[in-house]
2 protein chains.
Amino acid sequence: MPPRTRLGALNCSLAQALDIVGDWWTLLIVRDLFIGANRFGEIQKSLGIARTMLASRLEQLERNGILERRGTPRRPLYFLTKKGRDLFPALVALMQWGDRWAAPVGPPMRLTDRNGRAAAPIAVQTRDGATITGENARFAAGPGAAASTRAFIEALAATRRRAR
Amino acid sequence: MPPRTRLGALNCSLAQALDIVGDWWTLLIVRDLFIGANRFGEIQKSLGIARTMLASRLEQLERNGILERRGTPRRPLYFLTKKGRDLFPALVALMQWGDRWAAPVGPPMRLTDRNGRAAAPIAVQTRDGATITGENARFAAGPGAAASTRAFIEALAATRRRAR
DNA sequence: CTGTATCCTTAAAGATACTG
DNA sequence: CAGTATCTTTAAGGATACAG
(Lines give C-alpha, C1' and ligand atoms only; values in the text may rest on other atoms or scores of the structure.)
Protein backbone atom coordinates (compact mmCIF):
# COMPACT_ATOMS: atom_id res chain seq x y z
CA MET A 1 0.00 0.00 0.00
CA PRO A 2 1.61 3.22 -1.15
CA PRO A 3 2.20 5.86 1.54
CA ARG A 4 0.96 9.17 0.25
CA THR A 5 0.35 10.17 -3.33
CA ARG A 6 3.30 12.23 -4.41
CA LEU A 7 1.84 15.46 -5.73
CA GLY A 8 5.00 16.09 -7.69
CA ALA A 9 3.86 13.40 -10.08
CA LEU A 10 0.97 15.53 -11.27
CA ASN A 11 1.41 17.64 -14.37
CA CYS A 12 0.46 20.87 -12.62
CA SER A 13 2.56 23.70 -11.25
CA LEU A 14 0.29 24.15 -8.30
CA ALA A 15 0.83 20.52 -7.41
CA GLN A 16 4.58 20.98 -7.81
CA ALA A 17 4.50 23.94 -5.48
CA LEU A 18 2.36 22.15 -2.92
CA ASP A 19 4.64 19.15 -3.08
CA ILE A 20 7.39 21.43 -1.76
CA VAL A 21 5.64 23.94 0.49
CA GLY A 22 2.18 22.43 0.85
CA ASP A 23 2.36 20.98 4.33
CA TRP A 24 0.98 22.61 7.44
CA TRP A 25 4.19 24.17 8.74
CA THR A 26 6.46 25.15 5.90
CA LEU A 27 4.87 28.43 4.87
CA LEU A 28 4.70 29.53 8.47
CA ILE A 29 8.41 28.98 8.83
CA VAL A 30 8.96 30.95 5.65
CA ARG A 31 6.76 33.68 7.08
CA ASP A 32 8.98 33.92 10.13
CA LEU A 33 12.03 34.23 7.93
CA PHE A 34 10.38 37.10 6.05
CA ILE A 35 9.59 38.81 9.30
CA GLY A 36 13.19 38.48 10.36
CA ALA A 37 13.18 35.56 12.76
CA ASN A 38 16.17 33.60 11.60
CA ARG A 39 17.20 31.75 14.72
CA PHE A 40 16.04 28.22 15.41
CA GLY A 41 14.79 29.19 18.81
CA GLU A 42 12.94 32.26 17.63
CA ILE A 43 10.99 30.29 15.07
CA GLN A 44 10.33 27.43 17.44
CA LYS A 45 8.97 29.69 20.10
CA SER A 46 7.01 31.84 17.69
CA LEU A 47 5.14 28.90 16.16
CA GLY A 48 5.06 26.48 19.04
CA ILE A 49 6.25 23.80 16.65
CA ALA A 50 7.95 20.66 17.95
CA ARG A 51 11.72 20.95 17.78
CA THR A 52 12.04 17.76 15.79
CA MET A 53 9.53 18.97 13.23
CA LEU A 54 11.26 22.29 12.88
CA ALA A 55 14.64 20.69 12.39
CA SER A 56 13.31 18.40 9.70
CA ARG A 57 11.48 21.19 7.91
CA LEU A 58 14.51 23.45 7.95
CA GLU A 59 16.56 20.69 6.43
CA GLN A 60 13.98 20.08 3.72
CA LEU A 61 13.80 23.78 2.95
CA GLU A 62 17.55 23.91 2.63
CA ARG A 63 17.59 20.84 0.39
CA ASN A 64 14.94 22.46 -1.79
CA GLY A 65 16.99 25.62 -2.10
CA ILE A 66 14.49 27.83 -0.31
CA LEU A 67 16.74 28.82 2.54
CA GLU A 68 20.42 28.74 3.34
CA ARG A 69 22.40 28.60 6.54
CA ARG A 70 24.79 31.30 7.54
CA GLY A 71 26.50 32.09 10.81
CA THR A 72 28.41 29.39 12.65
CA PRO A 73 27.47 25.72 12.58
CA ARG A 74 26.92 25.94 16.30
CA ARG A 75 24.68 28.95 16.02
CA PRO A 76 23.29 29.12 12.49
CA LEU A 77 21.18 31.83 10.95
CA TYR A 78 18.58 30.94 8.35
CA PHE A 79 18.00 33.17 5.36
CA LEU A 80 15.72 32.87 2.39
CA THR A 81 17.28 32.42 -1.01
CA LYS A 82 15.87 34.06 -4.14
CA LYS A 83 13.68 31.01 -4.62
CA GLY A 84 12.41 31.42 -1.11
CA ARG A 85 11.84 35.15 -1.36
CA ASP A 86 9.86 34.47 -4.49
CA LEU A 87 7.20 32.90 -2.30
CA PHE A 88 6.32 36.35 -1.02
CA PRO A 89 3.26 37.02 -3.21
CA ALA A 90 1.78 33.59 -2.53
CA LEU A 91 2.34 33.98 1.17
CA VAL A 92 0.82 37.45 1.30
CA ALA A 93 -2.15 36.36 -0.80
CA LEU A 94 -2.92 33.59 1.66
CA MET A 95 -2.46 35.95 4.57
CA GLN A 96 -4.85 38.45 3.02
CA TRP A 97 -7.40 35.71 2.50
CA GLY A 98 -7.09 34.86 6.17
CA ASP A 99 -7.44 38.54 7.07
CA ARG A 100 -10.66 38.74 5.11
CA TRP A 101 -12.28 35.47 6.03
CA ALA A 102 -10.85 34.37 9.33
CA ALA A 103 -9.88 37.44 11.36
CA PRO A 104 -12.95 38.50 13.37
CA VAL A 105 -11.18 41.30 15.24
CA GLY A 106 -9.08 42.52 12.35
CA PRO A 107 -5.70 41.52 10.93
CA PRO A 108 -3.10 40.48 13.50
CA MET A 109 -0.40 41.99 11.30
CA ARG A 110 -0.20 44.84 8.87
CA LEU A 111 2.12 44.71 5.93
CA THR A 112 3.70 47.87 4.59
CA ASP A 113 6.68 48.92 2.57
CA ARG A 114 9.54 50.64 4.35
CA ASN A 115 7.76 53.96 4.06
CA GLY A 116 4.73 52.67 5.90
CA ARG A 117 2.47 52.46 2.87
CA ALA A 118 0.04 49.60 3.32
CA ALA A 119 -0.21 46.69 0.93
CA ALA A 120 -3.25 46.70 -1.33
CA PRO A 121 -5.27 43.53 -1.87
CA ILE A 122 -3.46 41.31 -4.33
CA ALA A 123 -5.07 40.83 -7.71
CA VAL A 124 -4.24 38.80 -10.79
CA GLN A 125 -3.72 41.09 -13.75
CA THR A 126 -2.81 41.04 -17.41
CA ARG A 127 0.21 43.01 -18.53
CA ASP A 128 -1.99 45.93 -19.44
CA GLY A 129 -3.60 46.05 -16.04
CA ALA A 130 -6.92 44.30 -16.59
CA THR A 131 -7.96 42.19 -13.64
CA ILE A 132 -8.39 38.45 -14.01
CA THR A 133 -10.79 36.89 -11.55
CA GLY A 134 -11.92 33.34 -11.02
CA GLU A 135 -15.02 34.21 -13.01
CA ASN A 136 -13.40 35.43 -16.21
CA ALA A 137 -10.31 33.24 -16.11
CA ARG A 138 -9.50 30.79 -18.88
CA PHE A 139 -7.06 27.90 -18.64
CA ALA A 140 -5.31 26.54 -21.69
CA ALA A 141 -2.65 23.91 -22.23
CA GLY A 142 0.86 25.33 -21.96
CA PRO A 143 4.23 24.21 -23.33
CA GLY A 144 4.70 21.80 -20.44
CA ALA A 145 1.29 20.19 -20.76
CA ALA A 146 1.15 16.41 -20.78
CA ALA A 147 -1.33 14.63 -22.99
CA SER A 148 -3.52 13.94 -19.98
CA THR A 149 -3.59 17.63 -19.13
CA ARG A 150 -4.63 18.54 -22.64
CA ALA A 151 -7.34 15.90 -22.60
CA PHE A 152 -8.63 17.17 -19.28
CA ILE A 153 -8.88 20.74 -20.49
CA GLU A 154 -10.45 19.75 -23.80
CA ALA A 155 -13.03 17.57 -22.13
CA LEU A 156 -14.11 20.33 -19.81
CA ALA A 157 -14.29 22.87 -22.61
CA ALA A 158 -16.50 20.49 -24.59
CA THR A 159 -18.79 19.94 -21.62
CA ARG A 160 -19.14 23.64 -21.07
CA ARG A 161 -19.90 24.29 -24.70
CA ARG A 162 -22.65 21.72 -24.56
CA ALA A 163 -24.00 23.16 -21.33
CA ARG A 164 -24.34 26.53 -23.02
CA MET B 1 -0.57 13.29 23.67
CA PRO B 2 -2.28 15.87 21.49
CA PRO B 3 -2.79 14.89 17.85
CA ARG B 4 -1.69 17.77 15.68
CA THR B 5 -1.15 21.35 16.68
CA ARG B 6 -4.19 23.28 15.55
CA LEU B 7 -2.83 26.14 13.46
CA GLY B 8 -6.06 28.03 14.00
CA ALA B 9 -4.88 28.71 17.52
CA LEU B 10 -2.08 30.93 16.27
CA ASN B 11 -2.66 34.66 16.10
CA CYS B 12 -1.76 34.88 12.43
CA SER B 13 -3.93 35.13 9.34
CA LEU B 14 -1.60 32.91 7.37
CA ALA B 15 -2.02 30.24 10.00
CA GLN B 16 -5.77 30.67 9.89
CA ALA B 17 -5.76 30.25 6.16
CA LEU B 18 -3.51 27.21 6.32
CA ASP B 19 -5.69 25.70 8.99
CA ILE B 20 -8.49 25.67 6.42
CA VAL B 21 -6.79 25.11 3.07
CA GLY B 22 -3.27 24.12 4.11
CA ASP B 23 -3.35 20.40 3.54
CA TRP B 24 -1.99 18.63 0.49
CA TRP B 25 -5.21 18.22 -1.46
CA THR B 26 -7.55 21.09 -0.75
CA LEU B 27 -6.09 23.73 -3.04
CA LEU B 28 -5.89 21.24 -5.86
CA ILE B 29 -9.58 20.53 -5.51
CA VAL B 30 -10.24 24.26 -5.52
CA ARG B 31 -8.12 24.53 -8.63
CA ASP B 32 -10.29 21.97 -10.39
CA LEU B 33 -13.37 23.93 -9.45
CA PHE B 34 -11.85 27.06 -10.94
CA ILE B 35 -11.08 25.21 -14.14
CA GLY B 36 -14.63 24.03 -14.32
CA ALA B 37 -14.50 20.46 -13.09
CA ASN B 38 -17.46 20.33 -10.76
CA ARG B 39 -18.38 16.68 -10.79
CA PHE B 40 -17.10 14.29 -8.16
CA GLY B 41 -15.82 11.91 -10.80
CA GLU B 42 -14.08 14.60 -12.82
CA ILE B 43 -12.12 15.80 -9.85
CA GLN B 44 -11.34 12.32 -8.65
CA LYS B 45 -10.00 11.27 -12.01
CA SER B 46 -8.14 14.49 -12.61
CA LEU B 47 -6.21 14.32 -9.36
CA GLY B 48 -6.00 10.60 -8.79
CA ILE B 49 -7.15 11.19 -5.24
CA ALA B 50 -8.75 8.42 -3.22
CA ARG B 51 -12.53 8.60 -3.30
CA THR B 52 -12.77 8.62 0.47
CA MET B 53 -10.31 11.50 0.71
CA LEU B 54 -12.16 13.49 -1.88
CA ALA B 55 -15.50 12.97 -0.18
CA SER B 56 -14.12 14.10 3.15
CA ARG B 57 -12.40 17.14 1.65
CA LEU B 58 -15.50 18.21 -0.21
CA GLU B 59 -17.50 17.99 2.96
CA GLN B 60 -14.92 20.07 4.85
CA LEU B 61 -14.88 22.66 2.10
CA GLU B 62 -18.65 22.88 2.23
CA ARG B 63 -18.63 23.20 6.01
CA ASN B 64 -16.07 25.97 5.71
CA GLY B 65 -18.23 27.82 3.22
CA ILE B 66 -15.78 27.53 0.36
CA LEU B 67 -18.01 25.55 -1.96
CA GLU B 68 -21.67 24.72 -2.22
CA ARG B 69 -23.60 21.87 -3.74
CA ARG B 70 -26.06 22.35 -6.53
CA GLY B 71 -27.75 19.95 -8.89
CA THR B 72 -29.57 16.94 -7.51
CA PRO B 73 -28.52 15.10 -4.37
CA ARG B 74 -27.98 12.06 -6.56
CA ARG B 75 -25.82 13.95 -8.98
CA PRO B 76 -24.42 17.04 -7.28
CA LEU B 77 -22.41 19.81 -8.82
CA TYR B 78 -19.82 21.64 -6.76
CA PHE B 79 -19.36 25.38 -7.10
CA LEU B 80 -17.12 27.83 -5.35
CA THR B 81 -18.72 30.45 -3.15
CA LYS B 82 -17.42 34.00 -2.95
CA LYS B 83 -15.14 32.90 -0.14
CA GLY B 84 -13.81 30.14 -2.35
CA ARG B 85 -13.38 32.33 -5.41
CA ASP B 86 -11.43 34.71 -3.23
CA LEU B 87 -8.68 32.13 -3.09
CA PHE B 88 -7.89 32.86 -6.70
CA PRO B 89 -4.89 35.17 -6.20
CA ALA B 90 -3.29 32.85 -3.66
CA LEU B 91 -3.80 29.87 -5.90
CA VAL B 92 -2.39 31.62 -8.95
CA ALA B 93 0.57 32.94 -6.99
CA LEU B 94 1.47 29.43 -5.93
CA MET B 95 0.99 28.16 -9.45
CA GLN B 96 3.28 30.85 -10.82
CA TRP B 97 5.90 29.95 -8.26
CA GLY B 98 5.68 26.36 -9.45
CA ASP B 99 5.93 27.53 -13.05
CA ARG B 100 9.09 29.43 -12.27
CA TRP B 101 10.85 26.97 -9.99
CA ALA B 102 9.50 23.53 -10.76
CA ALA B 103 8.47 23.37 -14.39
CA PRO B 104 11.52 22.31 -16.43
CA VAL B 105 9.68 22.10 -19.75
CA GLY B 106 7.51 25.14 -19.22
CA PRO B 107 4.14 25.72 -17.57
CA PRO B 108 1.61 22.91 -17.97
CA MET B 109 -1.16 25.49 -18.07
CA ARG B 110 -1.50 29.03 -19.24
CA LEU B 111 -3.86 31.41 -17.53
CA THR B 112 -5.57 34.15 -19.49
CA ASP B 113 -8.63 36.33 -19.27
CA ARG B 114 -11.51 35.60 -21.62
CA ASN B 115 -9.84 37.63 -24.34
CA GLY B 116 -6.74 35.51 -24.27
CA ARG B 117 -4.54 38.05 -22.54
CA ALA B 118 -1.99 36.25 -20.38
CA ALA B 119 -1.69 36.78 -16.65
CA ALA B 120 1.31 38.82 -15.56
CA PRO B 121 3.44 37.69 -12.61
CA ILE B 122 1.65 38.58 -9.40
CA ALA B 123 3.21 41.26 -7.23
CA VAL B 124 2.40 42.81 -3.90
CA GLN B 125 1.76 46.51 -4.28
CA THR B 126 0.77 49.58 -2.32
CA ARG B 127 -2.35 51.45 -3.35
CA ASP B 128 -0.28 53.81 -5.42
CA GLY B 129 1.42 51.05 -7.33
CA ALA B 130 4.77 50.73 -5.60
CA THR B 131 5.95 47.14 -5.37
CA ILE B 132 6.49 45.53 -2.00
CA THR B 133 8.99 42.71 -1.98
CA GLY B 134 10.24 40.43 0.74
CA GLU B 135 13.28 42.69 0.98
CA ASN B 136 11.56 45.99 1.65
CA ALA B 137 8.52 44.68 3.52
CA ARG B 138 7.75 45.71 7.07
CA PHE B 139 5.42 43.94 9.44
CA ALA B 140 3.65 45.77 12.23
CA ALA B 141 1.05 44.77 14.79
CA GLY B 142 -2.49 45.16 13.50
CA PRO B 143 -5.86 45.64 15.21
CA GLY B 144 -6.20 41.91 15.77
CA ALA B 145 -2.75 41.45 17.25
CA ALA B 146 -2.50 39.51 20.48
CA ALA B 147 0.00 40.53 23.13
CA SER B 148 2.28 37.69 22.10
CA THR B 149 2.24 38.88 18.51
CA ARG B 150 3.18 42.39 19.55
CA ALA B 151 5.97 41.06 21.73
CA PHE B 152 7.28 38.93 18.90
CA ILE B 153 7.40 41.83 16.47
CA GLU B 154 8.92 44.20 19.02
CA ALA B 155 11.62 41.73 19.98
CA LEU B 156 12.65 41.22 16.38
CA ALA B 157 12.70 44.92 15.68
CA ALA B 158 14.94 45.44 18.71
CA THR B 159 17.31 42.69 17.60
CA ARG B 160 17.56 44.14 14.15
CA ARG B 161 18.21 47.62 15.47
CA ARG B 162 21.04 46.25 17.56
CA ALA B 163 22.42 44.25 14.66
CA ARG B 164 22.62 47.41 12.62
C1' DC C 1 21.30 27.62 22.15
C1' DT C 2 20.78 24.13 18.59
C1' DG C 3 19.90 20.44 17.74
C1' DT C 4 19.49 14.69 17.67
C1' DA C 5 17.73 10.22 19.46
C1' DT C 6 13.80 7.68 20.84
C1' DC C 7 9.47 6.50 21.59
C1' DC C 8 4.66 6.95 21.14
C1' DT C 9 -0.02 8.23 19.32
C1' DT C 10 -3.08 9.28 16.01
C1' DA C 11 -4.63 10.88 11.94
C1' DA C 12 -3.81 10.86 7.11
C1' DA C 13 -4.21 8.24 3.09
C1' DG C 14 -5.45 4.60 0.28
C1' DA C 15 -7.50 -0.14 -1.36
C1' DT C 16 -11.50 -2.76 -1.71
C1' DA C 17 -16.07 -3.75 -1.68
C1' DC C 18 -20.69 -2.47 -1.27
C1' DT C 19 -25.24 0.71 -1.85
C1' DG C 20 -28.78 3.92 -3.86
C1' DC D 1 -22.34 8.11 -11.24
C1' DA D 2 -21.58 9.35 -6.38
C1' DG D 3 -20.63 8.16 -2.70
C1' DT D 4 -20.13 5.24 2.22
C1' DA D 5 -18.22 1.43 5.13
C1' DT D 6 -14.45 -0.87 6.60
C1' DC D 7 -9.91 -2.04 7.07
C1' DT D 8 -4.91 -1.48 6.75
C1' DT D 9 -0.64 0.87 6.58
C1' DT D 10 2.43 4.31 7.36
C1' DA D 11 3.85 8.73 7.88
C1' DA D 12 3.09 12.91 10.38
C1' DG D 13 3.53 15.08 14.50
C1' DG D 14 4.76 15.62 19.22
C1' DA D 15 6.89 14.73 24.13
C1' DT D 16 10.88 13.79 26.57
C1' DA D 17 15.48 13.33 27.40
C1' DC D 18 20.07 13.88 26.15
C1' DA D 19 24.51 15.93 23.71
C1' DG D 20 27.78 19.37 21.77
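In what follows, chains carry the letters A, B, and so on, assigned in the order in which the sequence lines appear, proteins first and then strands, with residues in each chain numbered from 1. For clarity, every value in this text was computed on a predicted model and none was experimentally measured.
- Residue pairs meeting the side-chain hydrogen bond (donor to acceptor under 3.5 Å, both in side chains) criterion with at least one member in residues 71-80 of chain A, sequence neighbours excluded, are A:R69-A:Y78.
- Hydrophobic clustering, defined by side-chain heavy atoms of Ile, Leu, Val, Met, Phe, Trp and Tyr closer than 4.5 Å, groups B:F79 together with B:L77.
- Within residues 20-29 of chain B, the residues that place at least one heavy atom under 4.0 Å from DNA chain C are, in residue-number order, B:W24, B:W25.
- For B:N38 and D:dG3, the CG to P distance is 12 Å, given to the nearest whole Å.
- Taking every heavy atom of both residues into account, A:N38 and A:L33 meet most closely at CA-CD2, 4.1 Å.
- Atom-to-atom, CD1 of B:I43 to P of D:dC1 comes out at 14 Å; the value is rounded to the nearest Å.
- In the region residues 45-56 of chain A, proximity to DNA chain D at under 4.0 angstrom, judged on heavy atoms, holds for A:A50, A:T52, A:M53.
- If you check residues 67-74 of chain A against DNA chain C, the residues with a heavy atom closer than 4.0 Å are A:R69, A:R74, listed by number.
- Residue pairs that meet the salt bridge (charged side-chain N to carboxylate O under 4.0 Å, His left out) test with at least one member in residues 26-45 of chain A, sequence neighbours left out, do not exist here.
- The nearest pair of heavy atoms linking A:P108 to B:A145 is O-CB, 3.3 Å.
- For the ring-ring contact (aromatic ring centres under 6.0 Å, His included) condition, no pair includes a residue of residues 108-148 of chain A, sequence neighbours left out.
- In this entry the distance linking CG of A:L7 with P of C:dG14 reads 9 Å, nearest Å.
- Under the rule for a ring pair (Phe, Tyr, Trp, His ring centres under 6.0 Å), the partners of B:F34 that lie at least two apart in sequence or sit in another chain are B:F88.
- For the pair A:L58 CG and C:dC1 P, the interatomic distance rounds to 16 Å; values are reported in whole Å.
- Dense packing is recorded around CZ of A:R138, with more than 12 heavy atoms of other residues, nucleotides or ligands lying under 6.0 Å away.
- A salt bridge (charged side-chain N to carboxylate O under 4.0 Å, His left out) check over residues 17-28 of chain A, counting only residues at least two apart or in different chains, returns the pairs A:R6-A:D19, A:D23-A:R57.
- Of the candidates D:dA2, C:dG14, C:dG3, the closest approach to any side-chain atom of A:F40 belongs to C:dG3.
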Distance-only donor-acceptor hits, side chain of residues 146-157 of chain B, under 3.5 Å, sequence neighbours excluded:
from: B:T149; atom 1: OG1; to: B:N11; atom 2: OD1; distance (Å): 2.4

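- When every heavy atom of B:A15 is checked against every heavy atom of B:L7, the shortest pair comes out as CB-O, 3.6 Å.
- What separates CZ of A:R6 from P of C:dA12 is a distance of 17 Å, to the nearest Å.
- Taking both residues in full, the closest heavy atoms of A:I122 and B:P89 are given as O-CG, 3.6 Å, listed atom of the first, atom of the second, then distance.
- Between A:T131 and A:A123, the closest heavy-atom pair is CG2-CB, 4.4 Å.
- In this structure, the CD atom of A:Q44 is 14 Å from the C1' atom of C:dT4, given to the nearest Å.
- We find that CD of B:E59 is positioned 17 Å from P of D:dA2, with the value rounded to whole Å.
- Taking atom CD of A:Q60 as the reference point, atom C1' of C:dG3 lies 16 Å away to the nearest angstrom.
- As judged by a 4.0 angstrom heavy-atom cut-off over every strand, A:R57 is placed among residues touching the sugar-phosphate backbone only.
- Applying the salt bridge (charged side-chain N to carboxylate O under 4.0 Å, His left out) definition to pairs two or more places apart or across chains, those involving residues 77-102 of chain B are A:D86-B:R100, A:R100-B:D86, A:E135-B:R85, B:K82-B:D86.
- When the local axes at the two ends of the helix from C:dC1-D:dG20 to C:dG20-D:dC1 are compared, using 5 base pairs at each end, they differ in direction by 50° after rounding to 10°.
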